[in-house]
There are 2 protein chains.
Amino acid sequence: MIQEKKKAFNNFAVAKGLRSTRQRDIILDTFLSTNQHISVEELYLKIKSGNQGIGQATVYRTLKLFTEAGLAREILLNDGQTRYEHVIAGEHHDHLVCTGCNAIIEFEDETIEKLQKDIAARQGFHMRSHKLEIYGLCIKCRH
Amino acid sequence: MIQEKKKAFNNFAVAKGLRSTRQRDIILDTFLSTNQHISVEELYLKIKSGNQGIGQATVYRTLKLFTEAGLAREILLNDGQTRYEHVIAGEHHDHLVCTGCNAIIEFEDETIEKLQKDIAARQGFHMRSHKLEIYGLCIKCRH
DNA sequence: CATGTAATGAAAATGAATTTCAAAAGCAGA
DNA sequence: TCTGCTTTTGAAATTCATTTTCATTACATG
Ligand SMILES: [Mn+2]
Ligand SMILES: [Mn+2]
Ligand SMILES: [Zn+2]
Ligand SMILES: [Zn+2]
């Protein structure tokens, strides 16, 4: 599975005429080894702690490449930090965010998905994407 | 209706021990005279064009006060600018955003609202708020 | 008025993200 | 392996919205 992702990025790189670099390999390996929803800074620090010096700008640039390649997805939760999650082919989900401990739970709801398309269609919109985030307190954080 | 809002802010100000100032009056009048979803910069420029000098910092600070007072609501659409809309008591809506012309259409869907609460409850969350934005192209922008 | 405190605003600071640009590295072809 | 061209890198500078600072100004109350 990790190998497939690496191959996918390689294909993308070849198609785009991108060069293969030590930095991109390390950033990809590290990204693939993380849990969901990692911020750029977190990923940067994770790489740094493995004492392999890579510049922040390169991490920012490379995560954009992963997004373009379809491996990563940007998550903007309005806390001022862009996060990235792994893209799983054919899968879609939204997020339930605990404002206490910042835990993120993923969920899917077919009915909501359908209703959204209906709403867009009713207004004559061609829906491209949507963003649904539910904020609240998780069990642990409700004292 | 505008008078009610002004009275509401006045009550809030009194309760909080805030002073009444020329700047707050102008910012409130201007905000109440606008359409929905205005950015801070837009509001600042609108005030400036009425050749009444007010600092940007004051506009930022005052919109936060309006939010606290329950007159305004922050809208974060991830385009790098915070927008504010008017709060209408007891009313809730979500947004359909055209990525072509930036038009924003408001909608309400009781079923989606309920499903969201169910999802949160199912995960043991106490839902505090949610954010639902549908992005797409409006009729005019689909060439 | 006088006096204490809150509000203002210009300018500086912040912080995430992007850009710049000289140096380093990858890639073909010789 | 060497050469030359082009991409990539990364430290530092820049950007841009927003926040903070702090000296000055304005409000409110006696
Ligand atoms: Mn997710
Ligand atoms: Mn709205
Ligand atoms: Zn929690
Ligand atoms: Zn449009």
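Below, read A as the first sequence line, B as the second, and so on, with proteins coming before strands; counting in each chain starts at 1.
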Could you check how far CZ of B:Arg24 sits from C1' of D:dA28, rounded to whole Å? 13 Å

Taking CD from B:Glu74 and C1' from D:dT19, how many angstroms apart are they, rounded to a whole number? 13 Å

Tell me whether A:Asp29 is salt-bridged to A:Lys6, with the criterion being a basic N under 4.0 Å from an acidic carboxylate O. yes

Quick one: side-chain contact (heavy atoms from CB on, under 4.5 Å) partners of A:Glu74, sequence neighbours excluded? A:Lys64, A:Leu76, A:Thr82, A:Tyr84

Tell me what A:Gly53 touches on the nucleic acid: a base, only sugar-phosphate, or nothing, going by heavy atoms under 4.0 Å. sugar-phosphate

Indicate yes or no: does A:Lys131 engage A:Glu133 in a salt bridge with an N to O separation below 4.0 Å. yes

Atom pairs under 3.5 Å: protein N/O with N/O of nucleotides 24-28 of chain C:
{"residue": "C:dG26", "atom": "N2", "partner": "A:Arg19", "partner atom": "NH1", "Å": "3.3"}
{"residue": "C:dG26", "atom": "N2", "partner": "A:Arg19", "partner atom": "NH2", "Å": "2.9"}
{"residue": "C:dG26", "atom": "N3", "partner": "A:Arg19", "partner atom": "NH1", "Å": "3.0"}
{"residue": "C:dC27", "atom": "OP1", "partner": "A:Ser20", "partner atom": "N", "Å": "3.2"}

Closest non-hydrogen contact found for B:Phe125 with A:Gly136 is CD2-C, 3.9 Å

Nearest heavy-atom pair of B:Arg22 and B:Gly53: which atoms, and what distance? NH2-O, 3.4 Å

Would you say D:dT18 has OP1 or OP2 under 4.0 Å from some side-chain N or O of B:Thr82? yes

Short of 4.0 Å, heavy atom to strand atom, which residues of residues 54-61 of chain A count as contacting DNA chain C? A:Ala57, A:Tyr60, A:Arg61

Yes or no on side chain to side chain contact (heavy atoms under 4.5 Å, CB included) for A:Cys138 and B:His126, after CA distance, side-chain angles and deciding distance? CA-CA 7 Å; A:Cys138 75; B:His126 174 52; over 6 Å; no

Kindly state which residues belonging to residues 28-44 of chain A come within less than 4.0 angstrom of DNA chain C, counting heavy atoms of the residue only, listed by number. none

Minimal heavy-atom distance between A:Leu65 and A:Phe12, with the atoms involved, is O-CE2, 3.9 Å

Using a strict threshold of under 4.0 Å (side-chain N to carboxylate O), is an ion pair present between B:Arg122 and B:Asp118? no

Without decimals, in angstroms, what is the distance between A:Gln81 CD and C:dA17 P? 6 Å

Once you round it to whole Å, what is the distance between P of C:dA16 and CG of A:Leu76? 14 Å

So what does B:Lys64 touch, heavy atoms closer than 4.0 Å: a base, only the sugar-phosphate, or nothing? sugar-phosphate

Nearest whole angstrom, please: distance from the P of D:dA28 to the CG of B:Asn10. 10 Å

Nearest 0.5 Å please: distance from the CD1 atom of B:Ile2 over to the NE2 atom of B:His86. 8.5 Å

Nearest 0.5 Å please: distance from the CZ atom of B:Arg61 over to the CZ atom of B:Arg24. 9.0 Å

B:Arg142 versus A:Gly124, closest heavy-atom pair with distance: NH1-O, 3.0 Å

Verify whether one side chain among A:Tyr44 and A:Glu42 offers a donor that lies under 3.5 Å from an acceptor in the other. no

Tell me: CG of B:Leu77 to P of D:dA17, nearest whole Å? 15 Å

Is there a side-chain contact between A:Val87 and A:Phe66 in this structure, where contact means two heavy atoms from C-beta onward sitting under 4.5 Å apart? no

End-to-end bend of the helix from C:dC1-D:dG30 to C:dA30-D:dT1 (five-pair axes, 10° rounding)? 20°

Separation of D:dT18 atom P from A:Asn78 atom CG, nearest Å, is 12 Å

Once you round it to whole Å, what is the distance between P of C:dT18 and CG of A:Leu65? 12 Å

Name every donor-acceptor pair, under 3.5 Å, that has one atom in a side chain of residues 88-97 of chain A and the other anywhere in the protein, sequence neighbours excluded.
{"residue": "A:Glu91", "atom": "OE1", "partner": "A:His93", "partner atom": "ND1", "Å": "3.2"}
{"residue": "A:Glu91", "atom": "OE2", "partner": "A:His93", "partner atom": "ND1", "Å": "2.9"}
{"residue": "A:His92", "atom": "NE2", "partner": "A:Glu113", "partner atom": "OE2", "Å": "3.1"}
{"residue": "A:His92", "atom": "NE2", "partner": "A:His130", "partner atom": "NE2", "Å": "3.1"}
{"residue": "A:His93", "atom": "NE2", "partner": "A:Glu85", "partner atom": "OE1", "Å": "3.0"}
{"residue": "A:His93", "atom": "NE2", "partner": "A:Glu85", "partner atom": "OE2", "Å": "3.4"}
{"residue": "A:His93", "atom": "NE2", "partner": "A:His95", "partner atom": "NE2", "Å": "3.1"}
{"residue": "A:His93", "atom": "NE2", "partner": "A:Glu106", "partner atom": "OE2", "Å": "3.0"}
{"residue": "A:Asp94", "atom": "OD1", "partner": "A:His130", "partner atom": "NE2", "Å": "3.4"}
{"residue": "A:His95", "atom": "NE2", "partner": "A:His37", "partner atom": "NE2", "Å": "3.1"}
{"residue": "A:His95", "atom": "NE2", "partner": "A:Glu85", "partner atom": "OE1", "Å": "3.3"}

